[in-house]
Amino acid sequence: QVQLVESGGGLVQAGGSLRLSCGASGGTFSIYSLGWFRQAPGKEREFVAAISWSGGSTYYADSVKGRFTISRDNAKSTFYLQMNSLKPEDTAVYYCAARTRGWAAQILRVMAAYDYWGQGTQVTVSS
């Protein structure tokens, strides 16, 4: 069992920055990839970014490419989402997720690819 806990959300003005953290515990040795998703009010949860456990491969949604950076610190079993140049449309609950069923780059943008989820952290960007 893998447990994931997000932190770092909050209220920020447009153009500002936040860094989200996701701490992993439990069977971290079984994690192949990690992802961030977000869900705005009245909308479906959508893919934001993903990273391999080794950190060698990263993937981003077009809407955040160039503004967000996903990274990980395996020694701390923590991965991060650095969010810069935030926009009001980035307002959402952000969730981290872990995949333990092997490496599968082609499906990392899909919610069903992940086996464990955190509880979410709210990010609000004011205009």
Under 3.5 Å donor-acceptor, [X] side chain and [Y] backbone:
| X | Y | answer |
| --- | --- | --- |
| Arg101 | Ala113 | yes |
| Arg109 | Ala49 | no |
| Asn74 | Ser54 | no |
| Ser57 | Ser52 | no |
| Glu6 | Gln119 | yes |

To the nearest 0.5 Å, how far apart are [atom1] in [X] and [atom2] in [Y]?
| X | Y | atom1 | atom2 | value |
| --- | --- | --- | --- | --- |
| Leu108 | Tyr114 | CG | OH | 4.0 Å |
| Leu34 | Thr58 | CG | OG1 | 12.5 Å |
| Leu4 | Thr78 | CG | OG1 | 10.5 Å |
| Arg67 | Asn84 | CZ | CG | 9.0 Å |
| Gln13 | Ser127 | CD | OG | 9.5 Å |
| Leu20 | Trp36 | CG | CH2 | 4.5 Å |

If hydrophobic clusters are built by linking Ile, Leu, Val, Met, Phe, Trp and Tyr wherever their side-chain heavy atoms come under 4.5 Å apart, do [X] and [Y] end up in the same one?
| X | Y | answer |
| --- | --- | --- |
| Met111 | Tyr94 | no |
| Val2 | Tyr95 | no |
| Ile51 | Phe37 | no |

Nearest non-hydrogen partners of [X] and [Y], listed with the distance:
| X | Y | value |
| --- | --- | --- |
| Ile70 | Tyr60 | N-OH, 2.9 Å |
| Pro88 | Ala14 | CD-CB, 4.1 Å |
| Ser77 | Trp53 | CA-CH2, 4.4 Å |
| Phe79 | Ser71 | CB-O, 3.1 Å |
| Arg38 | Ala92 | CB-CB, 3.8 Å |
| Val93 | Gly120 | CG1-CA, 3.8 Å |

For this session: Validate the cation-pi geometry between Arg19 and Tyr80: distance from NZ or CZ to the six-membered ring centre under 6.0 Å, angle to the ring axis within 45°.
Result: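 Ring-cation test returns yes.
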Exercise. Do the charged groups of Asp62 and Lys65 touch, with an N to O distance under 4.0 Å?
Worked result: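 Here Asp62 pairs with Lys65 in a salt bridge, since their nearest N and O are under 4.0 Å apart.
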For this session: For the residue pair Thr91 and Gln122, establish whether any side-chain heavy-atom pair is separated by less than 4.5 Å.
Result: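 A side-chain contact under 4.5 Å exists here.
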Exercise. So, do Val12 and Met83 sit near enough that their side-chain heavy atoms are less than 4.5 Å apart?
Worked result: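 They are not in contact (no side-chain heavy atoms under 4.5 Å apart), so the answer is no.
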Problem set entry | Centroid-centroid under 6.0 Å between Tyr59 and Phe47 rings |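 No, they do not, as the ring centres are separated by 6.0 Å or more.
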